[in-house]
There are 2 protein chains.
Amino acid sequence: MTLTQLRYLIAIADSGLNITAAAERVHATQPGLSKQLKQLEDELGFQLFSRRGKSLQAITPAGQQVLERARVIVTEAGNIRALAAELRGEEAGELVIATTHTQARFVLPPAIGALKRRYPDVNVHLQPHGDALVLDMFERGRADLAIVSTSGEPPAGGLAVPLFHWRRAVLVPRDHALARAARWPSLAELARYPLLSYESVLRPESSLRRAFAAAGEAPRFAFTSRDADLIKTYVRAGLGVGILAEMAVLAEDAEDLHLLDAADLLPPCTSWLVLRRDRVPRGYVLALAELIAPQLDRRDLRRALAGEEPARWPAPPSWRELAARARSVRAA
Amino acid sequence: MTLTQLRYLIAIADSGLNITAAAERVHATQPGLSKQLKQLEDELGFQLFSRRGKSLQAITPAGQQVLERARVIVTEAGNIRALAAELRGEEAGELVIATTHTQARFVLPPAIGALKRRYPDVNVHLQPHGDALVLDMFERGRADLAIVSTSGEPPAGGLAVPLFHWRRAVLVPRDHALARAARWPSLAELARYPLLSYESVLRPESSLRRAFAAAGEAPRFAFTSRDADLIKTYVRAGLGVGILAEMAVLAEDAEDLHLLDAADLLPPCTSWLVLRRDRVPRGYVLALAELIAPQLDRRDLRRALAGEEPARWPAPPSWRELAARARSVRAA
DNA sequence: CGCGTTTACGTCGTTCGTAACGATA
DNA sequence: TATCGTTACGAACGACGTAAACGCG
C-alpha cells in the first residue's frame, strides 16, 4: 500500500469509475492507474470495485470503507505538504473557491484582485454553482473554501465564519407601477407581480419563499436563475419584479432600474465563509477571508480550525458598511 | 513523502529519538532510517528534529505538527490493513493488552486461554502496568485495548465499555484480631491497622483514600504494590490488613487468610474495556471482550466504534456472578 | 470501429542492506 | 573506545510510460 495507490483509488472513485479520466486528473497514464489498482487489490486480498467485463461497475462495500480511510490519509498527507509549504514561505499554490454566482460576480472581485496582487503565484479557480451544489462540492473536497449565504443558522459541513450581513433588494423598471408608488410596497403587493429571483427560491425551505408564506402569500416566481445579471436583464425586459441580493445592485443600474428598499420586508441574510475542519489552510486562504471581511484575523481562524476555541466571531458588518469602506479606500 | 517515511518518523519519535532503536522496532537498518528521514526533511524543506552534532536533540514544533498527522496516516493505513485481514478471514495477528496486574493475573487468564484456543495464531502481549501508565501506554497507541478499573466515571481516552462490577476485599491472617471479631469492622477500625494495598492508593484522588477521608480517617498505607500476589504475601507475613480487589482472592487463600467482606465499607468499582476510537479492531479483539464479559456483543462494539450509536451498554454483571458462571461452565 | 482496459516490455529511479567512515561522550 | 549517525556502493525491486492486444458497445 502506497500513498500513490490511495491517491489513484480516490481519483478513480471521484471520476465516476473511469480510469482514463482518473489518470488525466492525477497526471499519470491510464495503464499506470490500472496496474496500481490491481496491485492494491492484490495486497488487500479483495476487490475494491466490482467489474462488468473490464469496466468498473461499482465500489464494493469493503472498497467504500477503504476509500473513506484513503481520503483521510491523502488529506493528511496534503496537510503535511501545506504545512511545509507555509513554513518555507511558499507563496504559490491553488485556491479553489466554491460559491454562488452573486458572490463570485459582485463580492469577490476586489478581494481576489487584492489577493492576486499579494500572491501573484496563486492560481484562483472559481466554481460558481447553485446554493446546494456549492456545499456539496465543498464537502466532497473539491474546494478549499465555500462562500454561501443563509438567513439563519450557519451552514453545516465545516467551520462557518460570518463574513457580513446583507439584505435583499427589490428591482423594478423605472416606469413600473411600484416605482411610482409613494411608499414601499408590502409583501402582499409584491406578490401580485410575477417575481424574478434566484434559483434557490425553488426549494421549499428557501427563506424568501418562507417569508411570503408567513405573510399568507403565495407569489409566482416567473423566472429564476443562479445568475443575478440575468435576473436584472429580464427585469429590464419587463418580466416582473426582481428580488435579489443587494450586492448585485450596481450604481449604474440606477439608470434604468428603480431600487426599492426591501430591508423591512424580507429577512436579512448572512454570508458565511466555510472552511474544512480537516484541512490545514494555506496562508492565502485565510488572507482571502481577511480581504473580504476586515474584522477577521487569520490567527483566530487558525485557532478555531485547531479546535482550540469556542469559535466566537467578531460581529460581522453589513454589506453596506463594507461597500462604503471599500469606496473610501478607493478614493484615498 | 511515503508511508514508510512516516512510519520511520513515528518510530524515531517513539524511540526517544534514537534512530538505531527505531530501526530495530520497524525491522529495518539504521542507515535506512537515517536516509529516509533526511529525504523527508529535504522534501518538506525544514528540519523535523533539531540536532546537536549528529544526534537528534528534540522534535521541532513543525516536526511535532507533521508527527501528529503522520500518526493519523499510519493509523488509518493500519486500519485498511486490518479491514482487509478481517475480510480475508485472516485469524493471525497481534493483540497488545495494557492492563493492571490484578486483571492480568486473576481476570484475563480464562478469557485469554479461550481466545488462544479459538485464535491459535494470535500472539497476545500483556503489558501489566500501574493504573496511570496503563491509560498512558494505551493513549500512545502502544496497545490495542486497555482494561482498567474506576469507582465512578468511565475512563477517558477511548471508547469505554463496562465489563463487570467488583468490590474490594479485606484480607487478614487467620489469627488477626479482626478475624476473631464478631462483626465486620468499620472504616475507623480498619484505619487503626497498617494497610497493604495497591500502589494507586498513593494518588490523592484514589477512591480508597477518598473513602477513608470521607469517614474522617487517615489510614497509614504501610505497604503498596501493583502486584496483588505480593500484597497477599505480606499480609501473610503479618504486616497488616490487606485491601485488594475481590478478583485477587482465590479459594486456596482461605487456608491461611481470613476474608472480611468489605462490600458495604468501600465503594464498588467497575472494570472497563477501553478501545481506541481511531482504530478498526480485529475480530479477536472483540472476541476477547465477549469472552471476558458475556453480556457484550461484538456487533454493538463495532457500531459504537463507528459512532453510530449513543453507546448504551448492557448492565455489567458483578464479578461474583461472572465467577459463578465460569465455575458452572467448568463443571459441565 | 471507437472507447476503455489489460498485458507486455524496457527504462529509470528508488530502496535497501552491507560496509566503511566520522563524530561524540 | 564504545555508541550512534552518516556516507558510499552495489544489487534488487518497483514504478512509470510506450506500444500493442483485447472486449465491448
Spacing of [X] atom [atom1] relative to [N] atom [atom2], expressed in whole Å:
X: A/Gln39; N: D/dG14; atom1: CD; atom2: C1'; answer: 8 Å
X: A/Arg7; N: D/dA15; atom1: CZ; atom2: C1'; answer: 13 Å
X: A/Glu43; N: D/dG14; atom1: CD; atom2: P; answer: 11 Å
X: A/Arg52; N: D/dC24; atom1: CZ; atom2: C1'; answer: 10 Å
X: A/Leu33; N: C/dT5; atom1: CG; atom2: P; answer: 10 Å
X: B/Gln57; N: C/dA23; atom1: CD; atom2: P; answer: 19 Å
X: A/Ile12; N: C/dT6; atom1: CD1; atom2: C1'; answer: 13 Å
X: A/Gln36; N: C/dT5; atom1: CD; atom2: C1'; answer: 16 Å

Look at the side-chain N and O atoms of [X] and state whether any lies under 4.0 Å from the OP1 or OP2 oxygen of [N].
X: B/Asn18; N: D/dG5; result: yes
X: A/Ser34; N: C/dT6; result: yes
X: A/Thr20; N: C/dT5; result: yes

Which nucleotide in the list [options] gets nearest to the side chain of [X]?
X: B/Tyr8; options: C/dT15, C/dG17, C/dC16; result: C/dC16
X: B/Ile19; options: D/dC16, D/dA15, D/dT6; result: D/dT6
X: B/Lys38; options: C/dT6, D/dT7, C/dT7; result: D/dT7
X: B/Arg51; options: D/dC16, D/dT6, D/dG17; result: D/dT6

Heavy atoms of other groups near A/Arg203 CZ, more than 12 under 6.0 Å: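 Enclosed.
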pair B/Ile12-B/Phe49: side-chain heavy atoms closer than 4.5 Å: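 Yes; the side chains approach each other to less than 4.5 Å.
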Sugar-phosphate only, base, or nothing, as touched by B/Phe49 at under 4.0 Å among non-hydrogen atoms: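 Result for B/Phe49 = nothing.
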Sugar-phosphate only, base, or nothing, as touched by A/Gln30 at under 4.0 Å among non-hydrogen atoms: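 It contacts base atoms.
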Position toward the 5' end of DNA chain D (nearest nucleotide), A/Gln5 or B/Leu56: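 In this pair, the answer is B/Leu56.
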Toward the 5' end of DNA chain C, by each residue's nearest nucleotide, B/Pro31 or B/Lys35: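 Final value for this comparison: B/Lys35.
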Ring-face cation of B/Arg88 near A/Phe46 (centre distance under 6.0 Å, axis angle within 45°):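 No cation-pi geometry.
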Ring-face cation of A/Arg118 near A/Tyr284 (centre distance under 6.0 Å, axis angle within 45°):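 The answer is no, since A/Arg118 fails at least one limit relative to A/Tyr284.
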From B/Thr102, B/Thr224, B/Asp131, residue fulfilling side chain to side chain donor-acceptor pair (under 3.5 Å) relative to B/Tyr198: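 Running side chain to side chain donor-acceptor pair (under 3.5 Å) over B/Thr102, B/Thr224, B/Asp131 with B/Tyr198 returns exactly one hit, B/Thr102.
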